[in-house]
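A short write-up of the structure that comes next.
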Amino acid sequence: MRKGKRRGPIGSVHPVKLRCRRIRTVLQEDIIISIDHSDDPSMNMFPEDFAWGASTAAYQIEGGWDADGKGESIWDAFCHRDDSSVFERHTGDVSCNSYQLWEEDLRCIEELGLTHYRLSLSWSRLLPDGTTGHVNQQGVRYYNQLLDGLLARGVTPMVTLYHFDLPQALQDRGGWQSPDTPALFDAYARFCFGAFGDRVRLWITLNEPYVCAKLGHEDGLHAPGVRGAGGVAAYRAGHHMLRAHALAWHSYDAGYRREQGGLVSMAINSDWAEPEDADSAEDAAAAARYLAFSLGWFAWPLFVSGDYPEVMRAAVDARLPRFSGDQPAALGTADFFALNYYTARKVRSVGVDGGAPSMKTDLGAEGVVDPAWPLCGLPWLAVAPQGLRQLLKYIKATFNHPAVYITENGFAQTGPVLMEDGERAAFYRETVGEVAKAIEEDGVDVCGYFAWSLLDNFEWADGYSARFGLFHVDFSDDERARTMYRSGREYAAIISKHRSRSRAHRELTSS
Ligand code: GAL
């Protein structure tokens with residue numbers, strides 16, 4: 001436990017409201033001209049306190065996999081397997097070495113001019129065996145330094161408690177298949193709220209439970225590597241993650257919110273989905289199913305009904321766990337909508353083949369890439385910024401107009417490194433333009449945008465073959481030198497324009 005609470009002197013904690021302020025920074029014409037933003041009308045649309053961020057995750061950047069008392073996580077174990085399926089058997093053992101080079105990360109954050117930085121805590125660095133029975137003080141010290149460093153630079157942290165890296169000790173007890181894991185997660189969450197909550201106002205409990213459930217417990221591509229579990233294990237894992245989230249949210253609400261005044265949500269990922277044939281009722285229903293089985297799987301329980309979407313219940317039937325009335329309700333346990341968006345799909349209906357149950361046959365739909373959308377690096381990553389606007393509109397309509405943070409969005413490069421990455425720079429420009437339209441034309445309450453990622457890093461099953469960074473990281477160099485890509489300069493310029501506009505607006509309204 002850290003001794004005593006430090007508040008204030010290390011930097012101000014920015015207050016956040018339950019709804020982000022819907023103030024538009026539309027300035028008087030003469031101010032616009034005098035600070036020369038006439039080239040970029042989209043910059044008018046962002047609320048003054050909009051969060052401009054970038055995201056990372058512990059396993060993907062920290063390295064130090066067994067340093068200073070850290071316990072093993074399921075990703076350590078997965079990458080160390082003799083039959084590892086990760087690209088060229090890469091591991092996160094060292095990665096960007098942010099465990100030692102965190103001050104370099106702060107420099108990168110400053111260089112970009114970010115207002116916010118989303119990081120995740122490594123559960124097994126803090127609690128090596130996953131339980132609060134033993135706290136690794138060196139881990140606590142590491143995150144204290146990082147959080148203090150952010151606040152000292154005026155950067156607001158958004159902290160994810162769980163980004164795919166379950167302590168292996170808990171996996172040995174059943175992991176997300178075990179009904180005991182939610183309570184263990186809740187104890188870990190309470191530990192973190194107590195240790196860091198004096199400086200953190202934006203919490204994400206779990207990152208992308210969809211990916212963790214499906215890729216980790218059905219496709220076997222992610223840790224813990226469960227494959228072909230007949231459409232059972234993934235739903236069970238997802239259910240336990242929802243329960244874990246609900247417990248942690250209620251713990252925060254009851255025990256910490258009054259003093260700490262923060263907000264808690266879960267980061268939900270989804271493609272945008274639209275019918276392949278706009279005139280086909282089957283394709284329209286398939287696209288709706290596609291959204292229900294990704295976004296809806298986790299958003300319905302939190303925002304709509306406390307249960308899974310009807311269409312999932314109907315298709316999966318007895319294999320989909322039930323929420324029980326004597327457990328804390330999931331409904332209402334998201335203080336904002338945290339969305340990870342990467343790509344879009346055209347969706348067609350496909351018949352059930354009558355084979356063994358699986359998530360694929362439950363879905364009865366197939367998503368394909370529109371040939372008009374360019375692919376960046378990875379085969380799944382069709383570039384479709386317009387899909388983000390569509391998804392934001394859908395979220396506003398379906399989930400009762402929540403405040404939304406886009407907690408991840410990005411563009412990968414593969415192959416030879418391209419420092420002058422004009423396509424990615426254009427991608428960020430275009431995407432921010434789509435967010436501006438969602439705010440201004442569709443009235444979506446978007447509070448922030450976090451680029452994935454601050455740094456090139458360990459991209460899960462793709463190892464280091466896919467680079468998502470705003471900064472290039474030289475993995476062949478012990479120093480892990482970080483160098484800003486052109487896309488980083490582009491994003492920094494977007495942020496700087498907005499921030500100078502906000503400053504001008506503040507001066508104008510306070511004079
Ligand atoms: C997300 C994940 C991130 C990152 C990103 C790019 O699913 O949360 O950790 O890897 O994808 O593929």
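Counting convention: from 1, in listed order, for ligands and their atoms alike.
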**OP:** Evaluate salt bridge (charged side-chain N to carboxylate O under 4.0 Å, His left out) for E104 paired with R482, printing each intermediate quantity in order.
**Re:** CA-CA 8 Å; E104 278 299 292; R482 285 113 159 102; 5.2 Å; no

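- You'll find the ring centres of W249 and Y252 outside the 6.0 Å limit.
- Results of the ring-ring contact (aromatic ring centres under 6.0 Å, His included) test with F337 over F298, Y405, F303 single out F303 as the only residue that passes.
- Heavy-atom contacts from other residues, nucleotides or ligands closer than 6.0 Å to CG of D478 number 12 or fewer.
- Remark: aromatic rings of Y308 and F323 are close, center separation under 6.0 Å.
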Side-chain donor-acceptor distances from residues 378-389 under 3.5 Å, at least two apart:
| unit_1 | atom_1 | unit_2 | atom_2 | d |
| --- | --- | --- | --- | --- |
| R389 | NE | D442 | OD2 | 2.7 |
| R389 | NH2 | E441 | OE1 | 3.3 |
| R389 | NH2 | D442 | OD1 | 2.9 |

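- Pocket lining of ligand 1, defined as residues with a non-hydrogen atom under 4.0 Å away: Q60, H163, N207, E208, Y342, W380, E408, W452, E459, W460, F468.
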